[in-house]
There are 2 protein chains.
Amino acid sequence: MKNLLRPDLAFRLNGRLWVETPDDRFMGIGRLELLTLIQEHGSISKAAQQMGMSYKRAWDLVASLNAQSATPLVQTQTGGKRGGGAEVTPEGQQLIQEFRELQERFQEFLAAEAARLLL
Amino acid sequence: MKNLLRPDLAFRLNGRLWVETPDDRFMGIGRLELLTLIQEHGSISKAAQQMGMSYKRAWDLVASLNAQSATPLVQTQTGGKRGGGAEVTPEGQQLIQEFRELQERFQEFLAAEAARLLL
DNA sequence: ATGCGTTATATTTTGTCAAACATAACGCTA
DNA sequence: TAGCGTTATGTTTGACAAAATATAACGCAT
């Protein structure tokens, strides 16, 4: 069993997971982080800012999430005391939790596979 | 426990795995397919053609693979009876096998997780 | 009324990656 | 020697995604 990789190179097993519907993505690691930050800040724009993402992109992602959900995952309000805002609904929180746990199991899978990989 | 996704939408859990080194990708599903086809046809150009990939891209991928390997994974020859050709070395075959098996375990992981996912 | 911060939405610009295109070299064959 | 199919390599073009930019609307606060 030879070692394949150049000995001066470190390798890393990496990967991505996502949930897709027939013609759109539904959930992924980026949307998870976005939802989490919206929950934390109560604002799409603040969440976007913190992720270094344009507000438009964040808003589009929220729109995609809501469009594919039975009930809204993020409820928004325009105008008002703080200028408006957004909050993650209970269903959104459930999605956050499920996907976060899935991500954790995936990371465990990656670690286990990386350990047995011989390159 | 509510169902989150719109009932008219089917979801699919999907993902990607790859091996990366500090400043390049080393192995992934595309490279696996390319190596397999090179082995099958003994030619980079034929493999590229079959994948609907430009020859240049295929050649670049092979160059990247070889550049990161302790010993070449693909040996090439210019000119000669068939105009030249390429063959996958034993080390390349080992990489094919290891990564293919990893892919299979990953698919099993995805199937198992999809089954327990409630959306 | 005016201003503020936010959501909502369209349009334009930019960046990135792959495709397309273009040559050259190689070594057998005829 | 001319031709063929392949590897080898650089340059240009194109496509797509994300960012940037630009407005508008909203509803509270002052």
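Keep in mind that the numbers below use all heavy atoms, side chains included, and drop hydrogens, waters and symmetry copies. Note on naming: letters A, B, ... go to the chains in the order of the sequence lines (proteins, then strands), and numbering restarts at 1 for each one.
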Heteroatom pairs (N/O) under 3.5 angstrom, protein to nucleotides 15-21 of chain D:
none

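- In the displayed structure, B/R105 atom CZ is contacted under 6.0 Å by more than 12 heavy atoms of other residues, nucleotides or ligands.
- Side-chain contact between A/F109 and A/E113: present, with at least one pair of heavy atoms (C-beta onward) separated by less than 4.5 Å.
- When the C1' atom of C/dA20 is taken as reference, atom CD of B/Q49 falls 15 Å away, rounded to whole Å.
- Under the side chain to side chain contact (heavy atoms under 4.5 Å, CB included) rule, A/L61 has a single partner from A/R25, A/K56, A/M53, which is A/M53.
- Side chains of A/Q97 and A/Q93: no donor on one and acceptor on the other come within 3.5 Å.
- A/Q75 has its CD atom 16 Å from the C1' atom of C/dA8, to the nearest Å.
- Two residues are said to be in side-chain contact when any heavy atoms from C-beta on lie closer than 4.5 Å; B/L95 and A/L119 meet this criterion.
- No side-chain donor from either of B/S43 and B/R82 sits under 3.5 Å from a side-chain acceptor of the other.
- Between A/I29 and A/L17, every side-chain heavy-atom pair lies at or beyond the 4.5 Å cut-off.
- There is a side-chain donor-acceptor pair under 3.5 Å between A/T21 and A/Q68.
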Tabulate protein N/O versus nucleotide N/O from nucleotides 5-7 of chain D, keeping only pairs under 3.5 Å, one per line.
unit_1, atom_1, unit_2, atom_2, d
D/dG5, N2, B/G83, O, 2.8
D/dT6, OP1, B/K46, NZ, 2.5
D/dT6, O2, B/G83, O, 3.4
D/dT7, OP1, B/I44, N, 2.6
D/dT7, OP2, B/S45, N, 3.1
D/dT7, OP2, B/S45, OG, 3.4

